[in-house]
Amino acid sequence: MKVTGTALPFLPLYRRLLPSRLAGLSLALLKATALELAILAGHLLLYPSGITQERRTTPALPSPDTTQLPTETSPPVVLLHGFIDNRSVFVLLRRNLAQHGRHQVESLNYSPLTCDIRTAAELLGRHIEGICERTGSRQVDVVGHSLGGLIARYYVQRLGGDHRVRTLVTLGTPHSGTGVVPLANAHPIVRQMRPGSPILEELALPAPGCRTHFVSFWSDLDHLMDPLETACIDHPDLLAQNVRVSGVGHLALPVHPAVATGIRQALDSTRTGAATVAQADGMTVA
């Protein structure tokens, strides 16, 4: 998969002024930053539409007179947003998933005033139980952006959620803690995302028998991950695949169509078993 963009008009001059390797890196950074600003502007417009919780619907039951062929069904997908955000960040991803057969997709809004990952993880657990009850599904898949991925991981590892979550996909999630923006430490949940926090120490504890398959997408131009590799999952007890994304920033991860394709592949690969996933480990979206 390729994440591509339109060439900038001043590219020839830019390459003459800087050494080739530095020019290439700086150009990629400029393009990624421009994309981030465009996505931010669009997201600010959509943000009010995602403030309220979405309406829950129960799937219609088939008519008893209708003969149905047996089909392989996919579990519902739960989308979980990041810090000070809401479900509107997933508008394009939801559309992409629906276009490719994932019609049971739900988002959970947790309050922007949430101050504890444990509390948010308990809320997620209740939400998932409700989905399973309404849909009759035994498991769900979860896609979490940034803090949302950390909340979902805590639910899976520390609250027994591995029996409900088949696959957890994280996008730009600080699994090992991020040191970006030290002044943000005034917020308790930001402190929980710092390296060495009690929450992250809990997630580093042994997790024998964890049944969830983890796929972590991390970007080499993610300005909110410090260091960048903190968005990778490194735990001996977890079945985890880390996918490097080149050329896009933090806000683009739940938006870019190439990343959406990677997410769909991650969700679908669970059907074929762990061996296929392991062979795909290290896949690069560039």
Side-chain angles (χ1 to χ4, degrees), residues 1 3 35-36 38-60 73-112 120 123-124 126-132 134-137 139-153 155 164-173 213-217 219 243 245 248-271 285:
M1 288 180 289
V3 176
L35 180 60
E36 290 283 280
I39 291 171
L40 177 61
H43 187 40
L44 289 175
L45 291 175
L46 290 173
Y47 191 92
S49 68
I51 292 176
T52 59
Q53 294 282 8
E54 66 183 357
R55 298 177 59 184
R56 312 300 182 197
T57 59
T58 302
T73 58
S74 300
V77 179
V78 181
L79 306 176
L80 195 60
H81 62 80
F83 182 55
I84 316 181
D85 209 340
N86 63 38
R87 60 187 175 87
S88 63
V89 72
F90 292 116
V91 167
L92 295 181
L93 179 58
R94 290 188 68 140
R95 183 180 304 169
N96 190 295
L97 292 172
Q99 289 173 343
H100 291 83
R102 292 279 186 150
H103 300 296
Q104 293 185 26
V105 181
E106 294 195 13
S107 300
L108 169 63
N109 271 4
Y110 56 90
S111 171
L123 173 63
L124 174 63
R126 294 194 296 271
H127 182 71
I128 289 176
E129 290 297 327
I131 291 175
C132 291
R134 282 187 284 106
T135 63
S137 178
Q139 290 184 303
V140 300
D141 291 331
V142 179
V143 179
H145 180 225
S146 195
L147 172 61
L150 207 58
I151 292 170
R153 182 179 168 187
Y155 165 66
R164 284 299 192 194
V165 179
R166 185 188 70 157
T167 304
L168 170 56
V169 176
T170 66
L171 310 172
T173 291
H213 169 222
F214 295 82
V215 182
S216 175
F217 286 80
S219 171
V243 183
V245 181
V248 298
H250 190 78
L251 296 178
L253 287 170
V255 174
H256 202 287
V259 179
T261 299
I263 293 170
R264 294 199 322 270
Q265 292 176 347
L267 298 180
D268 292 341
S269 68
T270 308
R271 300 180 187 175
V285 179

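Worth saying up front: this structure is predicted, and the values here are computed from it rather than measured.
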Rounded distance (nearest 0.5 Å) linking atom CG of Leu44 with atom OG of Ser88: 9.0 Å

Spacing of Leu35 atom CG and Leu251 atom CG [to the nearest 0.5 Å]: 9.0 Å

Side-chain ion pair, Arg134 and Glu106, N-O less than 4.0 Å: yes

Validation row: Leu171, Thr173 side chains within 4.5 angstrom (heavy atoms): no

Backbone N/O of His250 and side chain of Glu36: donor-acceptor pair under 3.5 Å: yes

Single hit among Leu124, Asp141, Leu168, Val105 for side chain to side chain contact (heavy atoms under 4.5 Å, CB included) with Val78: Leu124

Contact summary for Leu80 and Ala152, nearest pair of heavy atoms: CD2-N, 4.2 Å

Atom pair NE2 (His256) and CD1 (Ile39), whose distance is rounded to the nearest 0.5 Å: 7.5 Å

Worked check of side chain to side chain contact (heavy atoms under 4.5 Å, CB included) between Val140 and Val77: CA-CA 6 Å; Val140 300; Val77 179; over 6 Å; no

Stepwise side chain to side chain contact (heavy atoms under 4.5 Å, CB included) test for His213 and Val215: CA-CA 7 Å; His213 169 222; Val215 182; 3.4 Å; yes

Sidechain-backbone polar pair: Arg102 side chain, Ser74 backbone, donor-acceptor under 3.5 Å: no

Point-to-point distance, once rounded to the nearest 0.5 Å, from CG of Leu108 to CG of Leu123: 5.0 Å

Side-chain donor/acceptor of Asn86 to backbone N/O of Asn109, under 3.5 Å: no

From His145 atom NE2 to Leu253 atom CG, the distance as rounded to the nearest 0.5 Å: 5.5 Å

Donor-acceptor contact below 3.5 Å, side chain Ser137 vs main chain Gln139: yes

Side-chain touch Val142/Thr167, heavy atoms, less than 4.5 angstrom: no

Heavy-atom check, side chain of Asn96 versus side chain of Arg264, under 4.5 Å: yes

Close side-chain approach of His127 and Cys132, heavy atoms under 4.5 Å: no

Heavy-atom pair with the smallest gap, counting every atom of Phe217 and Ile263: CZ-N, 3.8 Å

Tyr110 (side chain) donor-acceptor with Gly82 (main chain) under 3.5 angstrom: yes

Student check: side-chain heavy atoms of His81 and Pro254 closer than 4.5 Å: no

Value rounded to 0.5 Å, distance of CZ in Arg166 from CG in Leu267: 7.0 Å

Distance-minimising heavy-atom pair for His103 and Ala98: CE1-O, 3.3 Å

Trace of the side chain to side chain donor-acceptor pair (under 3.5 Å) decision for Ser216 with Thr170: CA-CA 5 Å; Ser216 175; Thr170 66; 3.3 Å; yes

